[in-house]
Novice: 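Attaching a single structure in structure tokens format; questions to follow.
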Amino acid sequence: MKDWLNDLSKVANFVVAVGDCATWGGIPAMSPNPSESQGLQFLKRQKGGFLGKDFHSLSGLPVINIPGCPAHPDWITQILVAIATGRISDISLDELHRPETFFKSFTQTGCTRNVHFAYKASTAEFGQRKGCLFYDLGCRGPMTHSSCNRILWNRVSSKTRAGMPCIGCTEPEFPFHDLKPGTVFKTQTVMGVPKELPTGVNKKNYALLTMVAKDSMPAWAEEDFFTV
Ligand code: SF4
């Protein structure tokens, strides 16, 4: 496979890495990384990877990264169609070479549980229809770049819509925990405050927000978690 990659990357007009293993190394690259796995142009967040940090395909573009475990089929097909129809120049890449159109916003954007997030109305069980999964089940929606709630899976759903917390699988650090039961789907806290806060929110503001949100929570936000 390495020989193929070496040979093909020299003559390819475009190189697209699909999925976490190809983009950042993914689960196989977890420390201590016995297989010395790496992505095509990154190892986790560090630029370099198998093809090296200076690699550009014949088109002049670096490796286009479409992360995810798994990557969303619509992200893959839309990028391949953009390449095939000569429209890839319309797409800008972020510093991790991800197409911004899919990875600029957070998983939380478009989540049906946002109103519960705002009032800190938590759900502690998988599969419940209402309540936010951040406070008890470790949802990473507020700090993960993906469009899972804007471009739905199979056009109908997403993890959070189905009651499963976002596990941050589009970020280079995935998996964030050691995958032991009891750590993955549980919010890690220090003195009751989540260890990791939504991107851009500091601890002091979070505490303030919590107080206001809890005080303002309307009764309906806590009720009726089991019905539509
Ligand atoms: S924390 Fe998760 S479940 Fe809650 S609103 Fe954000 S994405 Fe949705």
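Hydrogens, waters and symmetry mates are skipped; everything else that's a heavy atom, side chains included, is used. Every number for a ligand or one of its atoms is a count from 1 in the order of the listing.
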Novice: Among Leu58, Ile83, Leu61, find the residue that satisfies the side chain to side chain contact (heavy atoms under 4.5 Å, CB included) test when tested with Asn13.
Specialist: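 It is Leu58, the one option of Leu58, Ile83, Leu61 that forms the side chain to side chain contact (heavy atoms under 4.5 Å, CB included) with Asn13.
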Novice: Between Phe102 and His72, is the gap from one ring center to the other below 6.0 Å?
Specialist: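 Centroid separation for Phe102 and His72: 6.0 Å or greater.
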Novice: Would you mind running through ligand 1 and noting each atom that sits below 4.0 Å from a heavy atom of Gly141?
Specialist: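 Numbered from 1, ligand 1 contributes 7 (S).
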Novice: Closest non-hydrogen protein atom to atom 4 (Fe) of ligand 1, residue and atom name please, with distance?
Specialist: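 The protein heavy atom lying closest is Cys132 SG, 2.4 Å.
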Novice: Suppose I only count heavy atoms of Phe117 and a 4.0 Å limit; which atoms of ligand 1 are within that range?
Specialist: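 Ligand 1 atoms under the 4.0 Å threshold to Phe117: 1 (S), 5 (S).
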Novice: Asn149 pairs by side-chain hydrogen bond (donor to acceptor under 3.5 Å, both in side chains) with which of Thr160, Thr109, Thr112?
Specialist: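 Going through Thr160, Thr109, Thr112 one by one, the side-chain hydrogen bond (donor to acceptor under 3.5 Å, both in side chains) with Asn149 is satisfied by Thr160 alone.
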Novice: Do any of the N/O/S atoms of Cys111, backbone or side chain, fall under 2.8 Å from atom 8 (Fe) of ligand 1?
Specialist: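 So Cys111 does bind atom 8 (Fe) of ligand 1 by this criterion.
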Novice: Please list, in number order, the atoms of ligand 1 under 4.0 Å from a heavy atom of Gln108.
Specialist: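 Selected atoms, number and element: 1 (S), 5 (S), 6 (Fe), 7 (S).
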Novice: Are there more than 12 heavy atoms of other residues, nucleotides or ligands under 6.0 Å from atom CD of Glu36?
Specialist: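 No, CD of Glu36 has 12 or fewer neighbouring heavy atoms, counting only those of other groups under 6.0 Å.
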Novice: Can you list the atoms of ligand 1 that are under 4.0 Å from a heavy atom of Asn114?
Specialist: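 Matching atoms, with element in brackets: 5 (S).
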Novice: If you count the atoms of ligand 1 from 1 in the order shown, which ones are under 4.0 Å from a heavy atom of Leu133?
Specialist: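 Ligand 1 atoms under the 4.0 Å threshold to Leu133: 3 (S), 4 (Fe).
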Novice: Under 3.5 Å, is there a donor on one side chain and an acceptor on the other for Thr189 and Thr187?
Specialist: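 Checked: Thr189/Thr187 side chains show no N/O donor-acceptor pair below 3.5 Å.
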Novice: With a 4.0 Å cut-off on heavy atoms, does Pro142 reach ligand 1?
Specialist: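 It does; at least one heavy atom falls under 4.0 Å.
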Novice: Which atoms from ligand 1 have a heavy atom of Phe134 less than 4.0 Å away?
Specialist: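 Near Phe134, the atoms of ligand 1 are 1 (S).
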Novice: Who's the nearest protein heavy-atom neighbour of atom 2 (Fe) of ligand 1, and how far?
Specialist: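 Sorting protein heavy atoms by distance from atom 2 (Fe) of ligand 1 puts Cys139 SG, 2.3 Å first.
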Novice: Side chains of Ser59 and Ser57: is there a donor and an acceptor less than 3.5 Å apart?
Specialist: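 On atom types as modelled, these side chains qualify, holding a pair under 3.5 Å.
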Novice: According to the interplanar angle, ranging from 0 to 90°, do the rings of Tyr206 and Tyr135 count as parallel (below 30°), tilted (30 to 60°) or perpendicular (above 60°)?
Specialist: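 If you compare the ring of Tyr206 with that of Tyr135, the planes turn out tilted.
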